[in-house]
**Student:** 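There's a structure below that I have some questions on.
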There are 2 protein chains.
Amino acid sequence: MSADETCELLCLDTVKAERLRHDLPGLDALTSAAEAGKALSDPTRLRLALALRDGGEMCVCDLAWVSERQDKLVSHHLRQLRGAGLACSRKDGRMVLYSLTGRGEALLAALTAAAGVAR
Amino acid sequence: MSADETCELLCLDTVKAERLRHDLPGLDALTSAAEAGKALSDPTRLRLALALRDGGEMCVCDLAWVSERQDKLVSHHLRQLRGAGLACSRKDGRMVLYSLTGRGEALLAALTAAAGVAR
DNA sequence: CTGATGCTCGCACGATCGTTAGAATGTGTA
DNA sequence: TACACATTCTAACGATCGTGCGAGCATCAG
């Protein structure tokens, strides 16, 4: 591609390419969407999200038992799901109860559908 | 949690917890779903997916121009989208044309809806 | 007040990732 | 056949990530 960068476009007409380039959101605008994708990009975390989908609201120690993972790791992952807006939490005495948000359920449904698993 | 691991369940009845634990897919089964999430977890790659959504089928050099990224990097990311089943490619002479799969479009729609961007 | 429980936080380690760069491959053209 | 173009592949680097561990905090029960 030459220095002025518009003379070697081969497949797109220039108007369409200019429009695409202009309309594409910047990387900053996509950070939260990318974070949502990242939140469910780890099999352990994805499995915890499925446990919340199927089991409803649960505390860390129950999720730890259900997923056969240490409670500290489960707590770590749940905080990432919450940070990405896919889960929320409330305290009940010394326990913290987590559940999926609407966004979390929708994204989980799309992800499992896309991969054809756990629907 | 004690050694026999069922005596400290506090919030769930044991039957429900046993069923959840039993029914949760294993990590292996979730790998492809996690890979789909991972494929869209990078802002640059997500942006390329959006460009394909809006622009239809495109070659690497056009996507490089539209996204203002080097063609080698674009090629690298497109191969990851394809590997995750979210994009597909066909050759046209020396060029390779990429487009989103149905799964890719569905997951992209869910991800952008979940984050409230680029819809 | 003390000890136990549930959970979070900070740190470290090995693994993975995004980007860059150079080399290599496939295809088209003269 | 040689050169150019489009794309891919391999390797390296700095950054990030998942997991494990010990310490710390909040809450509850005795």
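Per chain, numbering begins at 1; letters A, B, ... match sequence-line order. As the structure is a prediction and not an experimental result, all values here were calculated from the model.
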**Student:** Measure from the side chain of Gln70(A), starting at C-beta and using heavy atoms only, and say which of dT7(D), dC21(D), dG18(D) lies closest.
**Tutor:**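 For Gln70(A), the side-chain atoms sit closest to dC21(D).
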**Student:** Between Leu108(B) and Leu86(B), does the side-chain contact (heavy atoms from CB on, under 4.5 Å) criterion hold? Intermediate values first, please.
**Tutor:** CA-CA 9 Å; Leu108(B) 192 59; Leu86(B) 306 183; over 6 Å; no
**Student:** Hey, does the side chain of Ser75(A) reach the backbone of Lys72(A) with a donor-acceptor pair shorter than 3.5 angstrom?
**Tutor:**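 Such a contact is absent between Ser75(A) side chain and Lys72(A) backbone.
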**Student:** Please tell me which of the listed nucleotides, dC9(C), dC17(D), dC17(C), lies nearest to the side chain of Lys38(A)?
**Tutor:**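 Nearest to the side-chain atoms of Lys38(A), counting from C-beta on, is dC17(D).
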**Student:** Closest to the Arg79(A) side chain: dC7(C), dT8(C), dT7(D)?
**Tutor:**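 The answer is dT8(C).
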**Student:** Between Leu20(B) and Asp62(A), is any pair of side-chain heavy atoms under 4.5 Å apart?
**Tutor:**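 Answer no - side chains too far apart.
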**Student:** Nearest to the side chain of Val60(A) - dG18(D), dT19(C), dC7(C)?
**Tutor:**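 Within the option list, the nearest is dC7(C).
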**Student:** Nearest to the side chain of Arg82(B), which nucleotide is it out of dT27(D), dC9(C), dT8(D)?
**Tutor:**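 Of the candidates, dT8(D) comes closest.
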**Student:** Ignoring the backbone of Arg94(B), work out which of dT20(C), dG26(C), dT8(D) is nearest its side chain.
**Tutor:**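 Nearest listed nucleotide: dG26(C).
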**Student:** Under 3.5 Å, is there any donor-acceptor pair linking the side chain of Lys72(B) to the base of dG22(C)?
**Tutor:**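 When only heavy-atom distances are counted, Lys72(B) does reach the base of dG22(C) through a donor-acceptor pair under 3.5 Å.
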**Student:** Output yes when at least one side-chain N/O atom of Thr44(B) is less than 4.0 Å from OP1 or OP2 of dT19(C), else no.
**Tutor:**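 Yes, Thr44(B) has a side-chain N/O under 4.0 Å of OP1/OP2 on dT19(C).
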**Student:** If each of His76(A) and Gly93(B) is mapped to the nucleotide of DNA chain C with the nearest heavy atom, which maps nearer the 5' terminus, i.e. the 5' end?
**Tutor:**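 Checking each residue's closest nucleotide, the 5'-ward one belongs to His76(A).
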**Student:** Are any of Gln80(A)'s side-chain N or O atoms less than 4.0 Å away from OP1 or OP2 of dG18(D)?
**Tutor:**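 For dG18(D), OP1 or OP2 has a side-chain N or O of Gln80(A) closer than 4.0 Å.
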**Student:** Can you tell me which nucleotide in dG18(C), dG18(D), dT7(D) comes closest to the side chain of Arg45(A)?
**Tutor:**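 Nearest nucleotide to the side chain: dG18(D).
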**Student:** Side chain of Met95(A): nearest nucleotide among dT7(D), dT19(C), dC7(C)?
**Tutor:**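 Nucleotide nearest to Met95(A)'s side chain: dC7(C).
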**Student:** So, is Tyr98(A) close to the dG6(C) phosphate, meaning a side-chain N or O under 4.0 Å from OP1 or OP2?
**Tutor:**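 False: Tyr98(A) side-chain N/O out of range (4.0 Å or more) of dG6(C) OP1/OP2.
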**Student:** Could you tell me which non-hydrogen atom of Leu100(B) sits nearest to which non-hydrogen atom of Ala49(B), and how far apart they are?
**Tutor:**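 Heavy-atom minimum between the residues: CD1-O, 3.6 Å.
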**Student:** Which nucleotide in the set dA23(D), dT19(D), dA21(C) lies at the smallest distance from any side-chain heavy atom of Leu73(A)?
**Tutor:**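 Among dA23(D), dT19(D), dA21(C), the one nearest the side chain of Leu73(A) is dT19(D).
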**Student:** Report the nucleotide, chosen from dC7(C), dT7(D), dT19(D), that has the shortest atom-to-atom distance to any side-chain atom of Asp42(A).
**Tutor:**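 Of all the options, the side chain of Asp42(A) is nearest to dT19(D).
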**Student:** Name all pairs fulfilling the salt bridge (charged side-chain N to carboxylate O under 4.0 Å, His left out) condition that reach into residues 79-90 of chain B, sequence neighbours left out, sorted by first residue then second.
**Tutor:**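 Salt bridge (charged side-chain N to carboxylate O under 4.0 Å, His left out) check on residues 79-90 of chain B returns Glu57(B)-Arg90(B).
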